[in-house]
J.: 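Below is one structure. I have some questions about it.
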Amino acid sequence: MSIVDRPASELRKSLASGELTSVELTQACLDRIVAHDQSIGAFLRVDGERALEQAKSVDKRRAAGEKLGPLAGIPVAVKDVLCDSQAITTCASRMLAEFRPPYDSTVVARLKQADAVLLGRTNMDEFAMGGSTENSAFQPTRNPWDTTRTPGGSSGGSAAAVAARFAPLAIGTDTGGSIRQPAGLCGIVGMKPTYGRVSRYGLVAFASSLDQVGPFATTTEDAALLLEAVAGHDPRDSTSINRPTPAYTESINKPLAGLKLGIVPEHFGAGLDPEVSTAVKSAIEVYKSLGAEVKEVALPHGKYGVAAYYVIAPSEASSNLARYDGVHYGFRADQSSALADLAAERQAFVAAGNAAAADNVDSPLVRMYRSTREAGFGPEVKRRIMLGAYALSAGYYDAYYLKALKVRRLIRRDFDEAFKQVDLIVGPVTAGPAFKLGEMVDDPLAMYLVDLYTVSANLAGIPAISLPCGMTKAGLPIGLQLQGPPLEEDRLLRGARMFEAATDWHTKQPTLAGAK
Ligand code: GLN
């Protein structure tokens with residue numbers, strides 16, 4: 001087994017004992033990236049020099065007997081949506097292709113404080129809008145298990161990086177499933193914490209009431225380690241929850257006694273791939289064999305989740321993305337012909353005898369906004385802005401946005417009721433395994449429906465985790481989702497660990513061509 005195949009919790013021990021240095025580990029990750037990322041495309045940018053410098057400094061401080069942070073010397077990959085004052089932060093958009101944040105997001109600051117080694121920035125759907133990482137303005141990411149397929153999205157780069165063992169840990173964000181879905185499709189662990197558990201300060205906003213940062217890892221213990229390092233109250237995010245972060249890594253191996261698991265019959269209806277259904281059902285049998293009691297619970301409004309999400313998320317996006325106007329941030333379209341265009345347009349109206357229209361042509365400022373947004377955003381981002389602007393506009397607000405908010409409240413109420421009866425809810429992450437690249441790019445509705453099982457947790461603000469629970473005959477990973485009550489990340493992690501300890505799905509890894 002090579003160094004890069006080992007989980008972070010083990011690497012920590014080897015680093016602490018002096019059996020391994022962070023420079024060796026970081027170099028091993030960088031070598032693997034050089035050897036294989038060309039065929040995966042997980043990273044947008046790798047900063048090897050900076051990573052090795054950080055690694056060297058950790059090794060030196062360790063040798064000097066200094067007290068180090070919990071991720072000391074461990075390489076972490078970061079989704080290109082979290083501001084880092086030392087890195088360009090693009091959100092995989094032309095709009096921010098050159099954007100250098102003036103400050104660190106709280107998550108990046110905490111990774112630095114934890115003495116992690118920041119390897120590079122991972123690919124994503126533009127502004128995190130999508131479920132396949134194909135909406136990146138720069139490159140698609142391929143699934144390490146089958147490079148003709150997507151890794152899922154929007155955090156597909158982070159998920160693929162961990163699945164391909166380019167980094168033992170990675171950070172992603174989940175607005176409607178963007179951590180859990182790619183984790184499921186790439187055969188790794190991914191967790192969306194409770195809304196407010198991890199600070200959103202310095203996270204480039206997509207849908208502020210839904211966005212949440214969380215960990216990717218190959219084991220539940222590693223996910224606990226990374227979550228513990230980045231979670232916690234932050235006065236700079238007004239939605240951050242002011243509660244201490246439990247020591248997840250200390251309790252992870254304590255099984256949940258008398259575990260009551262809920263299953264939702266509709267999650268197993270038509271549309272669920274039979275292989276996924278079988279794998280999830282056998283996972284439930286594993287829980288039963290571990291002493292869990294399984295009972296049906298109802299989430300009657302879950303079926304409206306996707307519809308409500310695709311009103312609320314675009315509405316918030318249309319407002320959040322208004323700031324990209326060519327003035328405040330990043331890209332501005334070339335304006336060199338703006339005055340000439342304006343004069344020509346005016347002249348055309350005058351020649352047609354329409355002097356009033358000639359006086360009303362768009363000003364150079366409006367032209368600048370329009371051409372910047374036209375060239376800076378990709379098609380899916382534009383679609384979301386239009387959907388959101390429509391849902392929020394006078395006359396439609398009550399029918400769409402307000403109605404969606406009411407549905408959201410009912411979805412949360414369903415979960416509150418369900419969690420009076422059970423400790424966790426178990427089910428699939430997605431209806432099928434990883435789909436082909438290009439398969440759904442022309443069918444946005446089909447792509448939206450992929451989020452069927454994941455969006456409800458975001459709408460309700462509850463934590464949820466995805467972990468590997470099987471493989472299809474064609475060799476594609478299958479994910480299991482556990483959802484828990486607000487702030488019960490500890491319960492989720494321990495519940496997930498129980499399954500992991502009883503099975504070996506988490507040990508499976510893709511064989512990259514020629515990997516060593
Ligand atoms: N696939 C969903 C969307 O496109 C979720 C994205 C996310 O969680 N960032 O909005």
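Values below: all heavy atoms of this structure, side chains included; hydrogens, waters and symmetry mates excluded. Position 1 is the first residue of the sequence; numbering continues from there. Indexing begins at 1, ligand by ligand and atom by atom, following the structure's order.
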J.: Which of the numbered atoms in ligand 1 are under 4.0 angstrom from any heavy atom belonging to D451?
T.: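 Close to D451: 1 (N), 2 (C), 3 (C).
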J.: Looking at E380 and R384, is any side-chain nitrogen of the basic one under 4.0 Å from a carboxylate oxygen of the acidic one?
T.: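 Yes, charged N to carboxylate O under 4.0 Å.
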J.: For atom 5 (C) of ligand 1, which candidate among F127, F206, Y309 provides the closest heavy atom?
T.: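 Looking at heavy atoms only, the winner is Y309.
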J.: Judged by non-hydrogen atoms, does R384 sit under 4.0 Å from ligand 1?
T.: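 Yes.
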J.: With heavy atoms only and a cut-off of under 4.0 Å, state how Y310 meets ligand 1: side chain, backbone, both or neither.
T.: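 Under 4.0 Å from ligand 1, Y310 contributes side-chain atoms alone.
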J.: Would you call K382-E374 a salt bridge at under 4.0 Å N-O?
T.: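 Yes, charged N to carboxylate O under 4.0 Å.
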J.: Classify the ring geometry between H267 and Y453 as parallel (under 30°), tilted (30 to 60°) or perpendicular (over 60°).
T.: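 Aromatic pair H267/Y453 classed perpendicular.
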J.: Where's the contact between K79 and ligand 1, heavy-atom distance under 4.0 Å: side chain, backbone, both or neither?
T.: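 Neither part.
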J.: Should the pair F419 and F415 be assigned to parallel (<30°), tilted (30 to 60°) or perpendicular (>60°) ring geometry?
T.: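 It falls in the parallel class, under 30°.
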J.: From the options G172, P182, S178, G176, select the one whose nearest heavy atom is closest to atom 9 (N) of ligand 1.
T.: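 Among G172, P182, S178, G176, the closest heavy atom to atom 9 (N) of ligand 1 belongs to S178.
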J.: Report, in ascending order of atom number, the atoms of ligand 1 lying under 4.0 Å from any heavy atom of A128.
T.: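 Every atom of ligand 1 under 4.0 Å from some heavy atom of A128: 6 (C), 7 (C), 9 (N).
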J.: Are F127 and F206 an aromatic pair, judged by ring center distance below 6.0 Å?
T.: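 Not under 6.0 Å, so no.
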